[in-house]
2 protein chains.
Amino acid sequence: MCEANAYLISENEKILVMEAVDTVEPEEGGLKLVNIFGEQKFVKAHIHSLFLVDHNIYLKSETK
Amino acid sequence: MCEANAYLISENEKILVMEAVDTVEPEEGGLKLVNIFGEQKFVKAHIHSLFLVDHNIYLKSETK
């Protein structure tokens with residue numbers, strides 16, 4: 001399977017938001033994450049960067 | 001391996017930008033894509049959505 005772990009990153013933090021993420025889609029000023037178990041999570045952030053071979057997705061908060 | 005294909009999407013188009021993408025990182029107002037073969041590509045876009053189990057990454061142009 002090709003799921004990844006989604007982390008919310010800020011200046012000096014990296015918080016695990018969801019494991020085994022399958023889809024990430026924009027929704028109402030944020031992102032809807034769905035993992036391979038069908039669990040959903042809404043995060044007020046955008047997709048910052050991807051490291052797929054390492055199974056990592058980095059999200060960044062919308063706050064400036 | 002957990003690479004994915006990156007597509008640039010617009011209103012009614014879906015253009016394959018790069019296959020077997022490993023990393024996507026922001027760079028100078030766009031994105032730097034690197035695939036598992038070490039090939040690099042710069043795209044003036046942001047990451048729109050992810051469908052990892054299907055191996056698809058959708059990018060959207062920065063133009064409004």
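Chain letters run A, B, ... following the sequence lines, proteins first, then strands; residues in each count from 1.
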By the side-chain hydrogen bond (donor to acceptor under 3.5 Å, both in side chains) test, which pairs, at least two apart or in different chains, include something from residues 30-39 of chain B?
B/Asn35-B/Glu39

What is the minimum heavy-atom distance between B/Glu28 and B/Phe42, and which atoms define it?
O-CZ, 3.7 Å

What closest approach, in Å, do B/Leu52 and A/Ala4 show between heavy atoms, and which atom pair accounts for it?
CD1-CB, 3.8 Å

Give a yes or no on whether the backbone of A/Leu59 and the side-chain of A/His46 come within a donor-acceptor separation of less than 3.5 Å.
no

For chain A, find its close neighbours in residues 8-22 of chain B: heavy-atom separation under 4.5 Å, sorted by number, or none.
B/Val21, B/Asp22

Examine whether an atom of B/Leu33 lies under 4.5 Å from a heavy atom of chain A, and if so say whether it belongs to the side chain, the backbone or both; otherwise answer neither.
neither

Output the distance between atom OG1 (A/Thr23) and atom CG (B/Asn56), rounded to the nearest 0.5 Å.
12.0 Å

To the nearest 0.5 Å, how far apart are CD in A/Glu25 and CG in B/Leu50?
9.5 Å

